[in-house]
Each structure stands twice: as structure tokens, then as C-alpha cells.
Amino acid sequence: MKTISAPKNEVELMQRALSIAGYTLAEIANSIDVSVPCNLQRHKGWVGTLIERYLGADAGSKAQQDFAHLGIELKTLPVNRVGYPLETTFVSIAPLVANHGITWQTSHVRYKLSKVLWIPIEGERSIPLAVRRVGMPILWQPNAEQEQQLKNDWQELMDMIVLGKIEHITARHGEYLQIRPKAANGQALTEAYNESGELIMTRPRGFYLKKQFTAQILSDFLAEVHRVHR
DNA sequence: TGTTGATCATGC
DNA sequence: GCATGATCAACA
């Protein structure tokens with residue numbers, strides 16, 4: 001596997017991202033000596049890791065943006081044939097304890113979503129992984145309305161957690177941001193509080209962006225492209 | 001058949 | 001277990 005150095009600035013990062021638009025995952029993988037699995041069943045994060053490596057993101061399990069020196073987070077987004085998201089987007093782990101004093105302003109969700117480089121990629125399972133194509137990169141920052149939408153959902157969900165209602169939260173809570181399990185398996189447990197304020201063990205949860213939200217980002221981008229071309 | 005809840009791999 | 005990267009697949 002070839003190691004690519006980190007992009008020095010935003011322009012360089014965007015040039016690299018643009019350079020793979022239209023190419024297949026196999027072409028990109030081959031160019032940096034990475035092998036392509038038959039499918040994603042046992043390699044769910046493979047596409048994200050591949051693009052990370054190609055663009056020169058510092059790998060690792062640090063709780064930071066992928067390009068921290070540029071203040072940019074990288075997210076690949078599987079889309080269907082008409083460019084609609086096929087999956088929700090994981091954002092960050094939900095803090096179930098020691099969360100007093102955390103505000104929207106200081107939250108991991110706001111930090112991770114403050115600036116995102118979205119890379120749409122064909123994701124239909126009928127298309128062999130190797131020949132799925134990468135789309136145009138979208139450098140995005142939430143507008144005032146989007147930030148308010150996210151903040152509202154985050155506050156509602158965090159309020160429930162702080163009130164000990166974690167076991168009552170389902171994926172149906174939140175319009176654009178939801179909380180769902182995020183763990184290696186059903187045996188994984190972490191601390192939380194119940195409604196009586198007692199410490200309990202529960203499944204770790206994560207914040208996810210619903211498809212409707214990421215679809216809006218893609219559609220806003222297309223609208224902007226069309227506006228500029230008129 | 002779309003969503004919700006569950007799960008897969010890896011490093012430390 | 002947690003944080004990284006996400007998608008799978010059971011079931012309503």
C-alpha cells in the first residue's frame with residue numbers, strides 16, 4: 001500500500017478529490033496498491049478507508065476531523081442511481097454519562113459537521129464493488145437553517161439522555177439527527193443513567209444523520225451548480 | 001421495501 | 001470499550 005502525504009491546504013485536498021471523480025473504486029485502489037474485497041459484508045468501512053488513504057487523511061482512531069489541520073471531516077456517502085443516499089451517516093458516539101456542561105457549541109456533533117468533504121459513491125449492491133464509481137466532491141458547511149435543525153435534534157436527544165431516558169430513545173426521535181446503537185455487537189455495554197438516576201449498563205449509541213438531511217446537501221449542491229451555469 | 005436496530009473490522 | 005470507518009439485514 002502506498003502512503004500519501006497530507007494535503008497542505010484546502011485547494012490541494014479538493015484537487016485530489018476532483019481527480020478521482022468518475023473513476024471506479026478498483027482504479028483508485030490499484031493506484032495505491034490496495035486490494036478490493038468481493039463485497040462489503042465483512043469490510044463495511046473499506047470504501048471510507050480507501051478514500052481517506054487516497055486523499056492523505058491521517059489514519060488512526062483519534063477523535064478528530066480527518067484533516068484537522070484544515071478543519072475538514074471526510075465522509076463517503078453511498079448513493080443510488082439517481083444520487084439519493086442509501087444509508088444514514090454516522091457522526092459520533094453519544095455521550096451517555098459525564099455529559100453535564102456539554103452544549104451544542106461544544107458538542108462533537110457540531111465539531112464533526114462544521115465542515116465536511118462529502119464524496120458520493122455508487123452504493124447499490126447490484127453494482128460490483130470494484131466498478132462502483134466515485135462522484136463529484138462536495139465541500140459543505142451547514143447553513144444557518146441546517147445548523148438550527150441539527151441543534152434542535154441534538155438538544156432534544158441530549159435532554160432525554162440527561163433525564164435518564166436513554167432506553168426510551170429510538171431512531172424515530174429527531175428529524176434530521178437520530179440516535180441508534182453503535183457497537184461491535186449486542187454484547188457491548190456502556191454506562192448510562194436511568195430515570196431514577198441510577199447507573200445502568202446499556203448498548204453504546206451513536207448520532208447519525210438521516211438520509212433526508214444528506215439528500216438535501218446533495219440537492220443544494222446540484223442546484224448551485226445549475227445556478228452558476230445559467 | 002424502507003427503517004430501525006444490529007453488526008463487521010481494526011488499533012490501542 | 002471506544003473511536004475510527006460504515007453497511008448489513010431482520011422485520012414492521
Side-chain angles (χ1 to χ4, degrees), chain A residues 1 3-4 6 25 28-29 32 34-68 72-82 84-99 102 107-109 111-113 116-129 132 134 153 157 160 166-192 199-215:
Chain A
M1 186 193 95
T3 301
I4 283 87
L25 294 179
I28 295 163
I32 55 173
V34 166
S35 58
V36 184
C38 292
N39 58 59
L40 296 178
Q41 287 182 16
R42 294 193 171 277
H43 303 272
K44 295 182 182 180
W46 183 82
V47 176
T49 304
L50 171 70
I51 303 301
E52 253 188 12
R53 287 173 175 169
Y54 188 91
L55 297 181
D58 358 298
S61 57
K62 292 166 296 187
Q64 284 203 319
Q65 290 162 323
D66 295 288
F67 302 97
I72 296 174
E73 171 74 10
L74 174 68
K75 288 289 181 194
T76 55
L77 185 62
V79 296
N80 65 17
R81 64 192 63 208
V82 293
Y84 194 88
L86 285 166
E87 294 287 348
T88 57
T89 300
F90 172 72
V91 179
S92 63
I93 292 294
L96 304 185
V97 296
N99 46 25
I102 300 178
S107 68
H108 285 279
V109 174
Y111 169 70
K112 284 295 185 74
L113 299 181
V116 180
L117 177 58
W118 297 95
I119 313 272
I121 299 177
E122 290 179 332
E124 290 185 339
R125 293 184 211 179
S126 59
I127 307 174
L129 184 58
R132 293 182 192 175
V134 172
D153 286 343
L157 294 163
M160 289 187 73
I166 182 64
E167 299 293 15
H168 298 313
I169 297 178
T170 75
R172 288 165 281 273
H173 287 94
E175 276 189 62
Y176 303 100
L177 191 68
Q178 64 182 178
I179 280 183
R180 305 213 309 278
K182 164 67 173 173
N185 54 60
Q187 324 321 315
L189 292 173
T190 192
E191 293 180 336
L199 211 51
I200 60 170
M201 298 305 285
T202 188
R203 304 188 321 288
R205 316 297 166 89
F207 284 107
Y208 294 80
L209 292 176
K210 292 189 174 184
K211 290 193 282 186
Q212 188 191 334
F213 189 83
T214 47

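Keep in mind the model is a prediction, meaning the values are calculated, not measured. Proteins come first, then strands; the chains are lettered A, B, ... in the order of their sequence lines, and each starts at number 1.
Not counting sequence neighbours, A:Arg180 has no partner by the salt bridge (charged side-chain N to carboxylate O under 4.0 Å, His left out) test. Residues forming a salt bridge (charged side-chain N to carboxylate O under 4.0 Å, His left out) with A:Glu73 (at least two apart in sequence, or on another chain): A:Lys75. With sequence neighbours left out, A:Phe90 forms a ring-ring contact (aromatic ring centres under 6.0 Å, His included) with A:Tyr208. In this structure A:Tyr54 satisfies the ring-ring contact (aromatic ring centres under 6.0 Å, His included) test with no other residue, sequence neighbours excluded.
The distance from atom CD of A:Gln178 to atom P of C:dT7 is 14 Å, rounded to the nearest whole Å. The CZ atom of A:Phe90 sits 9 Å away from the P atom of C:dA3 (whole-angstrom rounding). Atom C1' of nucleotide C:dC2 and atom CD of A:Gln187 are separated by 17 Å, given to the nearest angstrom.
Of the residues near DNA chain C, A:Arg125 and A:Glu191, the one whose nearest nucleotide (by heavy atom distance) lies more toward the 5' end is A:Glu191.
With the end axes of the helix from B:dT1-C:dA12 to B:dC12-C:dG1 each set by five pairs, the angle from one to the other reads 40° at 10° resolution.
In this structure, the nucleotide among B:dT7, C:dT4, B:dT4 sitting nearest to the side chain of A:Arg180 is B:dT4. For A:Thr190, the side-chain atoms get nearest to C:dG1 when compared with the rest of C:dA6, B:dG5, C:dG1. In this structure, the nucleotide among C:dC8, C:dA3, B:dG5 sitting nearest to the side chain of A:Ala171 is B:dG5. Between C:dA9, B:dG5, C:dG5, one nucleotide has an atom nearer to the side chain of A:Arg172 than all others, and that is B:dG5.
Residues from residues 201-210 of chain A lying near DNA chain C, meaning a heavy-atom separation below 4.0 Å, are A:Tyr208 in numerical order.
For A:Lys211 and B:dT3, the shortest distance from a side-chain N or O to OP1 or OP2 is below 4.0 Å.
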